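Taking it in order: structure first as structure tokens, then the write-up.
Labels below follow one simple rule: chain letters A, B, ... track the order of the sequence lines, proteins then strands, and each chain is numbered from 1. Keep in mind the model is a prediction, meaning the values are calculated, not measured.
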Number of protein chains: 2
Amino acid sequence: MIRHPAFPEEPWKIRELHLDLNVLAQTESLFALANGHLGLRGNLDEGEPAGLPGSYLNSFYERRPLAYVEPGYGYPESGQTVINVTNGKLIRLLVDDEPFDVRYGRLVKHERTLDLRAGMLERLAEWTSPAGQKVRVSSRRLVSFTQRAIAAIAYQVEPIERPARVVVQSELVANEQLGGTVLSSDPRQGAPLQAVLQAEECHDREMAVQMVHRASISGLRLAAAMDHFVDSPPGAEITTLAAPDAGRVSITIRLEPGQRLCLVKFLAYGWSSQRSRQALLDQVQAALTAARHTGWDGLVQEQRDYLDEFWNAADVELDGDNEVQQAVRFGLFHILQAGARGEDRPIPAKGLTGPGYDGHAFWDTETFVLPLLTCTLPPAAASALRWRQNTLPTARARAQQLQLNGASFPWRTINGEESSGYWPASTAAFHVNADIADAVVRYVGMTGDTEFEVDTGLELLVETARLWRSLGHFDSQCHFRIDGVTGPDEYSALADNNIYTNLMAQQNLQAAAVAALRHPERAQSLGVSLDELREWRTAAEAMCIPFDEQLGVHQQAEDFTNHQAWDFANTPPEGYPLLLHAPYFQLYRKQVVKQPDLVLAMHLRGEMFTAEQKARNFAYYEPLTVRDSSLSDGTEAVIAAEVGQLDLAFDYLVEAALLDLHDLEHNTRDGVHIAALAGAWIALVDGFGGMRNHGDDLCFSPRLPRQLERLSFKLRYRGRILQVTALPQSAIYALLEGAPVRLSHHGEPFVLSATQAVTRPIPPAPRGPRPKQPPGREPFHRDSES
Amino acid sequence: MIRHPAFPEEPWKIRELHLDLNVLAQTESLFALANGHLGLRGNLDEGEPAGLPGSYLNSFYERRPLAYVEPGYGYPESGQTVINVTNGKLIRLLVDDEPFDVRYGRLVKHERTLDLRAGMLERLAEWTSPAGQKVRVSSRRLVSFTQRAIAAIAYQVEPIERPARVVVQSELVANEQLGGTVLSSDPRQGAPLQAVLQAEECHDREMAVQMVHRASISGLRLAAAMDHFVDSPPGAEITTLAAPDAGRVSITIRLEPGQRLCLVKFLAYGWSSQRSRQALLDQVQAALTAARHTGWDGLVQEQRDYLDEFWNAADVELDGDNEVQQAVRFGLFHILQAGARGEDRPIPAKGLTGPGYDGHAFWDTETFVLPLLTCTLPPAAASALRWRQNTLPTARARAQQLQLNGASFPWRTINGEESSGYWPASTAAFHVNADIADAVVRYVGMTGDTEFEVDTGLELLVETARLWRSLGHFDSQCHFRIDGVTGPDEYSALADNNIYTNLMAQQNLQAAAVAALRHPERAQSLGVSLDELREWRTAAEAMCIPFDEQLGVHQQAEDFTNHQAWDFANTPPEGYPLLLHAPYFQLYRKQVVKQPDLVLAMHLRGEMFTAEQKARNFAYYEPLTVRDSSLSDGTEAVIAAEVGQLDLAFDYLVEAALLDLHDLEHNTRDGVHIAALAGAWIALVDGFGGMRNHGDDLCFSPRLPRQLERLSFKLRYRGRILQVTALPQSAIYALLEGAPVRLSHHGEPFVLSATQAVTRPIPPAPRGPRPKQPPGREPFHRDSES
């Protein structure tokens, strides 16, 4: 938990008023800047102290061998790990021979502000050196949304009381020491790699330095460059130096009180698996030249314009809880940062904010992040799915290796190859394939983007449908069974007929058939025959949906409800997360749920359950669900809201929204939880907004918890911008942009046009007792934070 | 397959008439000598060429860290690997400056003989050096059954035509290079460790050398010593030298044709985890002194006497197949070598014949090896079970770590700690605990050894019963379920209610209750209450036994028969063993059986199945069983024989018996398969002899296959020696030693006394079609060998 009196509740800013070195690593994640291509952790300009230094380029990784204690057929032989690339954020400062280091002397004033509308990190420090010299240092940092290779820093220093001699060293450093990382038995942490960059070239010219490095094993090549603009009183002495792993521009000057040294640092990055050193150097040099040409003020203005356009169709407003208001915008901003300019690259679980999970992307992206991007920045969602399409050759080869048809996408990866060393929780979790298909269906449904459907969507649907057809089989009663797979609940594995998997596979098979009929020519080019279509439909219709007649609830998987319940009563609070305190053996064989599985199925395939089934299922599974995964809250909130448990839904919303700002999982240091942050948006839009898109019309069933007086969100829908506003008793629908559209409110269709907002009353919520969570696993309460 | 024209069929000898270096490693395993404490591979005296040099001490291991790609709670942090200890077998020879090396010059004559009655490996070589010098070299080697620390070699060399100057170097070498081992992706191979012995001391005196070494990580300490007796014409010059890793006694002499240099080498080994260097040195020195005192001839005589006594109550004779006759005795001899003098140490899967499976012991010992030892050398069986008892503290701690009660024994181990790095096929295979209990029940039933039951057996039964009680739970219909475990079939894992596990657990619970009531005082000292007894009985009575009503067969585990059948038709012969060509994911979720599981349950708990069920089950599972484990054949033979498939049973017998002599699994180089060799004995005694001991009487239902004219086996039973002889139409029971006893023949009880053999007619076998195996997995046929 981040426990300093920072972060006053401001609607558009995260502001830190006090520097607590104990949570420095966490704040580096929170204050990270990224554009989906380049990410810089919020490290202090002077580099030290640091929790975890980090600069990342999307998909720039090193390979590491995966050596198994007991090898097995089809185990991946190497994994990928995101690496800390050349650090260009560094600006060291010497004040009268004393290095500016907040651990020494006295930090009189400290403020860091992440401005969500400006897209900028601002810092202000007033520091008294051990020798008593007082200086004011400020910096503004941005990673450009409009020029994806570019980051820029405006840095200023001035003495406050007495004249001072200052030396500013602006650096570009490769293979920096990753101090403070220790090997851990926590599988969620990344495996840190040190000094993996081989220097290939370095150059300096005037105030610019360029460097080329290569990752030894993956062979990926990286160029980084910096250039500077200096504004100072006369007398500054500037020297530039480039060595293989370190470039430096030093500015030395004597300043009187009131005089300032202002430095603008432009940074450019580029990487490639194929391009030559010279081509890469040219590329970053061109980017740098363009950035210099735009200038600092120009970059700031472009950034603002880009964000204004984003917020114009993505903002969520809520009255009644300022902290959650702030947190939801913080989440939206970080998701934008993770996906904005990925450009056919993955969106990792931590975005580009830290090395957690080795920088891998998971199913989280399709299931939690893309729903948000699909509604707010559709091109980013399309781009993430095109990345999947680009990795189809690898996924087809993997399917073949696994003796399956179609494509089998990896559980965790950077480059498309499976990178997991524990197959029961990865290879066996085939639902990732249906999740990708689900994201395609959702994207096409929300955008009407036919070109995407033809070029990308259909191929993904067809190859995953083929996978499902080969994964399942018809038993003697002609039921279509999918045996021995792992669903979203990672505390169960290798189960028969996991209900989430089966329902998502069913949708995948059906959607592939529908899309193939819609685009017969493209389908034919993919080798789809009418027989194949029929097979998909037959399998989908015969899909096993396990149900316990005696209990009257669905089974998460066959036989699940016959298993022993976890001994929650004897599990102390410090026994969580269970995976760190109990063997998989016990977790898998008992009724205990890490994260929503059946409940997620009720969200994503809600049309397959009656309202009564949803309520009964939720009441049964809620006391078994420990939420040891941060992916839980959004889904819990959605179904809690749907079954009328609005108080509980609100609690889950709060937990999701504050996950990183309060460091509830104690691992924000490794990066923010992109999917969990998306979960807060899902809790609001699909939960209290009741948005579903199962059929032809986009449906809303808004219903507010007592804690909120108003919830208003915007979203893009088939070329339009909609705004939905929920009040305690009524909902108001407005069309901000685009042609009239049919929507539905609590099951009743209506047409919305730009001329007239539509107001509808909200029917009362169903009532029932609040389901209990396992003891000690109740959702987080802000008052209980201690 | 071992494909040289060696091994003529001789009833009491394995004789090799031609040296084929391509199968040198395999013959080193076949010709290994051991006594359960010390094992020497059949390496050539001169050390090179070697397939795999090997000298082993039971339980002398090095630790190796187990580093996981994705760590998990409760994963063992280090494993144990048997190591090649100080090599004392080495006797190098120089003939006129040319080293005796069969790869050079010409090997005119070669013969190696393993004498199963003498317990000796004899070698004869006539060699012409590249320079044309002809010599005759012979050696006899034994590892003493009567003096367990001792091995001895009688070595002779003589020139044949011309005088020769010979130098014999008798060596003691630590950390010898293990050439020829390559890292493999085959999980069945051991992980070779090189140069792990740290030299602590070395001494020489006259013709003796002593050395002390320590394994770096495990800290185990080892002393090895050699002494010599030389008999030669006058003029021999003898020098002795000791260095930290090499000791040497050199004898130089000029020999005329007809003159011989005769050398007797005595070797002594000792190790300890606790004793000091001096104590260890004294211990081996004392053993060496005693051996010298006994002398070579004395050791040979003791060896013969020991083996005469063994064969007197253990021999199996069969008429009709000389090769199988030879092979069965070969197997008995190797099992004796593995278990004779283990003395409360484990019996590893490869005995002490090679580094396969890292030298670990598995459930194989209790389920396949101990039945044989219980009937032929009961103290060795008791000793192996006392080893389990000695490791109870570790097994209790493991149970606690796994959140279970009682004791949880390891899947693979040397020192009692779990040493497996893949939990679904190890930790989850809890049946090992019931297998240990089964071995206790069998041992007590066959020997009537009450002292053992009180001191050792009851504690093992109680602690394993406690485990089962905590592993299972009562479902809403009050069935006792054991969910998420792995049975003997390693191509299924983490299944609910594995029938083998449940039936063996049931017996375990019942046996613990019965034994506790028989010895109430001891039971009380183990904390057993009447409530606990009642719980065990209730659980046993309510045990789930899955049955498919529609198919009319038992299910190997719940839902097993609903799974897709493996696509055998499209699996080519080179696709086996499946584990090297298919992912676990596919194996686990389909109907394909690596090794008998339900069929083994029908053997060990035969009283729980009707004759009709056995026949139906066998017919259903046989076409699914690929026998990728060498443990399969014995069990297959037993049930095939019981259901009347005598031809098929004979084929399985042949496969089991010849497994190592024909290298059918292509890994005899790593050591012989002790449990599979025991399987051949089981095929004969429990299969064609029909021996069962489910109730109070020992029962036989002999029935010969057409390939055999007579089968006669001896065994020890409650202080008696019985001999059972099966002929095509009748069986003859003789009591060779001991008091009259009640037995049963094909269900009819009779009393056998020493005065009068009993002859009974054999009823005709039930008939039915021969079940098919998966294509390409039919049992091995000798004619088809190519």
Handout entry: Part of residues 544-559 of chain A lying next to chain B, heavy-atom separation under 4.5 Å
Key = Gln550(A), Glu558(A), Asp559(A)
Handout entry: Side chain / backbone / both / neither for Gln477(B) at chain A, heavy atoms under 4.5 Å
Key = side chain
Practice task
Rounded to the nearest 0.5 Å, what's the gap from CG on Asp496(B) to CZ on Phe560(A)? Could you check?
Solution key: 11.5 Å
Fill in the blank from the handout: dist Leu66(B):CG -> Tyr68(A):OH (nearest 0.5 Å) comes out at 15.5 Å
Exercise for the section: Could you tell me whether the side chain of Arg481(A) reaches within less than 4.5 Å of the side chain of Asn562(B), counting heavy atoms only? Expected result: yes
Exercise for the section: Verify, without hydrogens or angle tests, whether His473(B) (side chain) and Lys590(A) (backbone) share a donor-acceptor contact under 3.5 angstrom. Expected result: no
Exercise for the section: Check whether any side-chain heavy atom of Gln403(B) sits under 4.5 Å from a side-chain heavy atom of Asp567(A), and report yes or no. Expected result: no
Problem - Reported CG-to-OH distance for the pair Leu402(B) and Tyr584(A), which is rounded to 0.5 angstrom - result: 14.5 Å
Problem - Side chain, backbone, both or neither of Tyr75(B) within contact of chain A (heavy atoms, under 4.5 Å) - result: side chain
Problem - pair Leu580(B)-Tyr73(A): side-chain heavy atoms closer than 4.5 Å - result: no
Practice task
Indicate whether the side chain of Asp475(B) and that of His563(A) have a donor and an acceptor atom separated by less than 3.5 Å.
Solution key: no
Handout entry: Gly421(A) backbone acceptor or donor facing Glu70(B) side chain under 3.5 Å
Key = yes
Practice task
Using the side-chain contact (heavy atoms from CB on, under 4.5 Å) rule, take Leu494(A) and Tyr588(B) through it: C-alpha gap first, then chi angles, then the decisive distance, then the call.
Solution key: CA-CA 9 Å; Leu494(A) 310 187; Tyr588(B) 288 178; 4.1 Å; yes
Handout entry: Proximity breakdown for Ala582(B) and chain A, heavy-atom pairs closer than 4.5 Å
Key = both
Exercise for the section: Let me know if Ser420(B) has heavy atoms under 4.5 Å from chain A in its side chain, its backbone, both or neither. Expected result: both
Exercise for the section: Determine yes or no for a side-chain-to-main-chain donor-acceptor pair under 3.5 angstrom, with Arg589(B) supplying the side chain and Leu471(A) the backbone. Expected result: yes
Practice task
Assert yes or no for the condition that the ring centre distance of Tyr422(A) to Tyr422(B) is strictly below 6.0 Å.
Solution key: no
